Amino acid sequence: MVMHFDEKTFDEAVRGEKPVLVDFWATWCGPCRMLAPVIEEIANEYAGKVKVGKVNVDDERELALEYGVSSIPTLVVIRDGEAVKGVVGLHNLEQLKALLA
């Protein structure tokens, strides 16, 4: 299941043992909408191993700034509260799996 993070839920969500894949997106972004089914598939395949969540950059500008988001979609892998990997743009399922490896 893909979670939706906001300023209030983000910090707690990215702490802990499980890695977190965060999709910074916006409703008006075509590539973001194209990526959504891939994000859902990742969430289903990695259920229990990886948390998967979305941050709407229009609603959560401070979070986007904190993680250096200058283009969307931006995907960031966070472990123990720290960003460890990230990619910008549209990626396929295999590329995102490699990001989580």
Side-chain angles (χ1 to χ4, degrees):
M1 175 173 86
V2 177
M3 298 176 267
H4 292 271
F5 301 140
D6 61 23
E7 182 181 304
K8 295 176 184 173
T9 61
F10 188 83
D11 285 339
E12 185 177 332
V14 299
R15 295 180 202 272
E17 296 176 16
K18 292 180 188 173
V20 182
L21 176 64
V22 180
D23 175 17
F24 289 91
W25 71 289
T27 58
W28 49 264
C29 170
C32 297
R33 289 191 307 270
M34 293 170 61
L35 188 59
V38 178
I39 298 297
E40 286 286 343
E41 192 168 341
I42 289 282
N44 291 334
E45 187 170 330
Y46 286 83
K49 299 177 206 161
V50 175
K51 291 181 190 176
V52 179
K54 293 177 158 280
V55 173
N56 184 322
V57 297
D58 289 332
D59 296 339
E60 304 299 334
R61 292 176 192 257
E62 292 299 318
L63 281 175
L65 287 172
E66 183 178 337
Y67 284 87
V69 176
S70 59
S71 185
I72 54 173
T74 292
L75 294 117
V76 178
V77 175
I78 300 173
R79 288 194 169 97
D80 296 320
E82 298 292 326
V84 294
K85 295 181 185 177
V87 295
V88 177
L90 189 58
H91 291 78
N92 66 33
L93 181 62
E94 293 308 314
Q95 291 168 320
L96 294 183
K97 285 181 179 182
L99 183 66
L100 293 169

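Note that the structure is predicted; figures quoted are calculated from it, not measured.
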Donor-acceptor pairs are to be reported for all side-chain atoms of residues 38-45 against protein atoms at under 3.5 Å, with residues two or more places apart or in another chain.
{"unit_1": "N44", "atom_1": "ND2", "unit_2": "E40", "atom_2": "O", "d": "3.3"}
{"unit_1": "E45", "atom_1": "OE1", "unit_2": "K97", "atom_2": "NZ", "d": "3.3"}
{"unit_1": "E45", "atom_1": "OE2", "unit_2": "K97", "atom_2": "NZ", "d": "2.9"}

If you look only at distance, which donor and acceptor atoms sit under 3.5 Å apart when one is on a side chain in residues 87-96 and the other is two or more places apart or in another chain?
{"unit_1": "H91", "atom_1": "ND1", "unit_2": "G89", "atom_2": "O", "d": "3.0"}
{"unit_1": "N92", "atom_1": "OD1", "unit_2": "E94", "atom_2": "N", "d": "3.1"}
{"unit_1": "N92", "atom_1": "OD1", "unit_2": "Q95", "atom_2": "N", "d": "2.8"}
{"unit_1": "Q95", "atom_1": "OE1", "unit_2": "N92", "atom_2": "N", "d": "2.8"}

For residues 20-37, please give each side-chain donor-acceptor pair under 3.5 Å, one per line with the distance, not counting sequence neighbours.
{"unit_1": "D23", "atom_1": "OD2", "unit_2": "K54", "atom_2": "NZ", "d": "2.7"}
{"unit_1": "W28", "atom_1": "NE1", "unit_2": "D58", "atom_2": "OD2", "d": "2.7"}
{"unit_1": "R33", "atom_1": "NH1", "unit_2": "T27", "atom_2": "O", "d": "2.9"}

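Follow the hydrophobic side-chain contacts under 4.5 Å out from I78 and you reach V55 in the same cluster. No continuous path of ILVMFWY side-chain contacts below 4.5 Å connects Y46 to V76, so the two sit in separate hydrophobic clusters. Put simply, V52 and L63 are part of two different groups of oily side chains (I, L, V, M, F, W, Y) that touch within less than 4.5 Å, one to the next. Under the 4.5 Å side-chain heavy-atom criterion for Ile, Leu, Val, Met, Phe, Trp and Tyr, Y67 and M3 are members of the same hydrophobic cluster.
Here D6 pairs with K8, T9, E60 under the side-chain contact (heavy atoms from CB on, under 4.5 Å) rule; sequence neighbours left out. For F5, the ring pair (Phe, Tyr, Trp, His ring centres under 6.0 Å) partners at least two apart in sequence or on another chain are F10. The side-chain hydrogen bond (donor to acceptor under 3.5 Å, both in side chains) test applied to E66 returns no partner, not counting sequence neighbours. With sequence neighbours excluded, the residues satisfying side-chain contact (heavy atoms from CB on, under 4.5 Å) with K85 are V77, L99. D80 meets the side-chain hydrogen bond (donor to acceptor under 3.5 Å, both in side chains) test with no other residue; sequence neighbours excluded. Remark: S70 engages no residue in a side-chain contact (heavy atoms from CB on, under 4.5 Å) (not counting sequence neighbours).
K49 approaches P19 most closely through the heavy-atom pair O-CD, 3.4 Å. In terms of heavy atoms, K51 sits closest to E12 at NZ-O, 4.2 Å.
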